[in-house]
4 protein chains.
Amino acid sequence: MTKPQTTRKKRANGVESRQRILDAAVEIAGERGYEGTSIAAVSAACGLPASSIYWHFKDKDDLIAAVIERSFDTWLAAFELPGEETGTPLERVTAVAGNVAKSLVDAPDFLRLGLMLALERRPVEPRGRTVFLQVRDIASAKIAEMAETLVPGLDKESVRILTAYAVAGADGLFVQREINGDALDLVTMFELHAQLVFEAATRMATRGEA
Amino acid sequence: MTKPQTTRKKRANGVESRQRILDAAVEIAGERGYEGTSIAAVSAACGLPASSIYWHFKDKDDLIAAVIERSFDTWLAAFELPGEETGTPLERVTAVAGNVAKSLVDAPDFLRLGLMLALERRPVEPRGRTVFLQVRDIASAKIAEMAETLVPGLDKESVRILTAYAVAGADGLFVQREINGDALDLVTMFELHAQLVFEAATRMATRGEA
Amino acid sequence: MTKPQTTRKKRANGVESRQRILDAAVEIAGERGYEGTSIAAVSAACGLPASSIYWHFKDKDDLIAAVIERSFDTWLAAFELPGEETGTPLERVTAVAGNVAKSLVDAPDFLRLGLMLALERRPVEPRGRTVFLQVRDIASAKIAEMAETLVPGLDKESVRILTAYAVAGADGLFVQREINGDALDLVTMFELHAQLVFEAATRMATRGEA
Amino acid sequence: MTKPQTTRKKRANGVESRQRILDAAVEIAGERGYEGTSIAAVSAACGLPASSIYWHFKDKDDLIAAVIERSFDTWLAAFELPGEETGTPLERVTAVAGNVAKSLVDAPDFLRLGLMLALERRPVEPRGRTVFLQVRDIASAKIAEMAETLVPGLDKESVRILTAYAVAGADGLFVQREINGDALDLVTMFELHAQLVFEAATRMATRGEA
DNA sequence: TATGAATGAGACTTCATTCAT
DNA sequence: AATGAATGAAGTCTCATTCAT
């Protein structure tokens, strides 16, 4: 009665183990990149033996890809244009920019890893890289849609350029924060960015009309 | 002709060997990053045995740092404000932006490696990272100086924000090119960036005066 | 017969592997010392790949320390004063000396390695050295205890000197045998040593009383 | 006139370079043993490039042997029986023991290295080991001679045993000092050692006569 | 649902040594 | 009388991965 079955607590819980592995992996991979993330390090960080990691994930590539995938939805949410909100277009753009800024602060591991993967050119492309670039494309599409919605009259090419510029600015500001820490207020910078992009868009739309 | 076939096999030539090693290293490290750059790979690429690399460089860290250092001056030249040139401030800013864009296209290995190093958070910071960040600070200072010269009346804080934004944009556009290749014209994007930053600067200066 | 040919190739058996590694290591390290013991040599001698050695031992230092530790108890047994035995104190001391002599002949690897480690002054002290010196201190304590038991009336300082002298003689005789082989009968030498130390002890005790 | 020939100080001085190399080698080899002494370490310690070491010495073995050889005479002097000195035999023996004790304190590197070489059993015996054992044999012969001179009537076998015991004690006391430092006064211990050996010798001689 | 043990490949680095100058 | 440069071999250790249990 006092000790019914010896094993009680340790009833193998696959889901929890998987989470622990991913938690460890996201942290390490976010700091050290693909090559720098060794299975042994993940094992040490999550407390499970290396062989257990291979029970949950096919191989290292699969693990890294899963890390990217798991952060996917959470992060992408920041790019939603809040439906039917009041305010001028500029105000709405600025609000989204603030959300994005906050998302970068909240999910830095995900993005740092993603950017590292994106920059690397290794012989066989890691699946995680592909996944990250897809997420990026989705984010870009949302930005493009936002531009078309809030600044009517933009031609395709202008949208393409503005979207690219908007994404580049976001990337660059994220990099800056990773390097300089909190020396600069990210939200302020993003609002400046949003404003400049919005003005450029407006001008392009006007010019297109003329 | 002057020296017929005096030295047949290996003439010890330290300077040339060092260059060959650096040439190989810059290419590999620029593509694969710090961890991805194995001494064996560099050895294979430059034709010298691994142990010879250690004659020229204390260790891998030293090699990577040397790679960064060597690209330093070349790359930094792009940031000079062409002295006493004709044209409006905007035209001059735009010209510099074009130069920078070209420098990014010309020295992508240096920058890709640097950015990767900058993003990584490894337990012991590679010396190459430190060096790269120093180069970056110098570039930032030049941009700040340029802003103060071409747009008088900017207060310190505005200069700081504008400089940060300018650098971030450059980083982001570089990342974009690395990911998307030539889908977007980098020079065009940089000119747009320069223009937007210039307008923001002008506005800030005017507001400060008022 | 009971288990016909169930396990064909490699049945994972950690305990046995560990022993095999230690067996190989004790022999090599006992002959060649710390630096002279390469993991590759141990690997060749025990049949397991080098990487398997690292499964069982953190690093080379850990392996050497384990070698010392394993021989510990076996060897220390020789120093027990046989309880309540008949005979004069001198006879009893001589008997112990004989045991010690035999132990030196039986466990020469352990002691040779230990002495080599003890003599070396490397920048970071190997753990094996620490362990060996601890074993030595225990042996010294037993000798001191023996002296106090068999030769009453010795003051602290005399015990200290006699113990040191007894240990030194044992070390020296061991070294001699390692160098000259069996040219000299170790048991005879140890009995002489025991006798001389005993006489010196008796004299010191008497002098102290007077 | 002011700067006659550019190179003046650095006129290659073979003898001095050789000394510098040996000075560095004796220290390192005395601390780390044969395998632990790398040419690179000696090079760093003496300031000359590795290739210069090979100009002065055929190979590493030759260098270590030279280290042993250089300390040879200095050290051996301690074993001279001071000719025709006054005092009882015991007093004279004690005086020599004191000299030997001092010599161990003065030339510890030489002896530590020698003992390490003596203990190691490597596939090809280093020449330094051979040389050291020869020095040892000479020292033994001197001790034997001393015994025969100061304690007449000893038979060959007794001399052999006593000499061996005397040397063993010396080795052991040296080892002790290396391990425990100055916790014990070496001269005192050596005097005790000399006295005990002398008494044993006297007794053996008397017994032989009877 | 795990995991202890094993393993070949390859990582970085040092080794003793040579050779042309 | 040296030395800058090179080099194959070997050093310690980590890697991603597998497999029997």
Side-chain angles (χ1 to χ4, degrees), chain A residues 7 10-18 35-43 48-61 63, chain B residues 6-18 35-43 48-61 63, chain C residues 6-18 35-43 48-61 63, chain D residues 10-18 35 37-43 48-61 63:
Chain A
T7 44
K10 276 257 166 167
R11 74 148 174 282
N13 184 338
V15 178
E16 197 216 305
S17 292
R18 199 172 195 277
E35 298 260 16
T37 302
S38 74
I39 299 295
V42 176
S43 160
L48 295 169
S51 48
S52 294
I53 296 176
Y54 278 87
W55 194 89
H56 290 279
F57 303 93
K58 188 177 137 318
D59 55 19
K60 180 173 160 175
D61 207 54
L63 171 60
Chain B
T6 26
T7 47
R8 255 210 301 198
K9 265 229 172 137
K10 290 277 158 63
R11 179 164 38 160
N13 186 341
V15 178
E16 196 216 303
S17 293
R18 198 171 196 276
E35 300 259 14
T37 302
S38 76
I39 299 294
V42 175
S43 160
L48 291 168
S51 50
S52 292
I53 296 177
Y54 282 89
W55 168 260
H56 293 278
F57 303 94
K58 191 178 135 322
D59 54 20
K60 181 174 161 172
D61 204 56
L63 171 60
Chain C
T6 25
T7 47
R8 257 212 297 196
K9 264 233 176 132
K10 291 278 158 68
R11 182 180 15 176
N13 184 340
V15 179
E16 197 216 302
S17 293
R18 200 173 195 274
E35 300 259 15
T37 302
S38 77
I39 298 294
V42 175
S43 160
L48 292 167
S51 49
S52 293
I53 296 177
Y54 282 90
W55 168 259
H56 293 279
F57 302 95
K58 190 177 132 323
D59 53 19
K60 181 173 160 175
D61 205 54
L63 171 59
Chain D
K10 276 254 171 173
R11 73 147 172 284
N13 184 339
V15 178
E16 197 216 303
S17 292
R18 199 172 196 274
E35 298 261 13
T37 302
S38 76
I39 299 294
V42 175
S43 161
L48 294 169
S51 48
S52 295
I53 296 177
Y54 278 85
W55 193 90
H56 289 280
F57 303 93
K58 189 176 135 321
D59 56 20
K60 178 173 161 176
D61 207 55
L63 171 61

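All chains are named by letter (A, B, ...) in the order of the sequence lines, taking the proteins before the strands, and each is independently numbered beginning at 1. Computation of the quantities below employed the complete heavy-atom set of this structure, encompassing side-chain atoms and omitting hydrogens, waters and symmetry-equivalent molecules. If you're wondering where the values come from, they're calculated on a predicted model, not measured in any experiment.
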Counting distance alone, no hydrogens or angles: does the base of E/dA6 have a donor or acceptor under 3.5 Å from a partner atom on the side chain of C/W55? no
Between atom CD in B/E16 and atom P in F/dG4, what is the gap in whole Å? 19 Å
Dump the intermediate steps for side chain to side chain contact (heavy atoms under 4.5 Å, CB included) on B/L63 and B/I39, then the final yes or no. CA-CA 9 Å; B/L63 171 60; B/I39 299 294; 4.3 Å; yes
Between OG1 on residue D/T37 and CD on residue C/E35, distance to nearest 0.5 Å: 8.5 Å
Ignoring hydrogens, what is the shortest heavy-atom contact between C/A50 and C/S43? Give both atom names and the distance. N-OG, 3.5 Å
Taking side chain to side chain donor-acceptor pair (under 3.5 Å) as the test, write out the residues that go with C/D59, two or more places apart. none
Treating primed atoms plus P, OP1 and OP2 as sugar-phosphate and everything else as base, which nucleotides of nucleotides 12-18 of chain E get B, S or - for protein heavy atoms under 4.0 Å? SBBSSBB
Using Watson-Crick or G-U wobble pairs with both distances under 3.5 Å, give me DNA chain E in dot-bracket, 5' to 3', with [ ] for crossers and | for pairs to another strand. .||||||||||||||||||||
Phosphate contact (F/dA6 OP1 or OP2) by B/S17 side-chain N/O below 4.0 Å: yes
Rounded to whole Å, how long is the line connecting atom CD1 of B/I53 with atom C1' of E/dA11? 13 Å
E/dA6 phosphate, OP1 or OP2: any side-chain N/O from C/H56 under 4.0 angstrom? yes
Taking all atoms of both residues into account, what is the closest heavy-atom pair of A/Y54 and A/K60, and its distance? OH-N, 4.4 Å
What distance separates A/W55 CH2 from A/S17 OG, expressed to the nearest 0.5 Å? 9.0 Å
Quick check for you: among E/dT7, E/dA2, F/dA6, whose closest atom lies nearest to any side-chain atom of C/S52? E/dT7
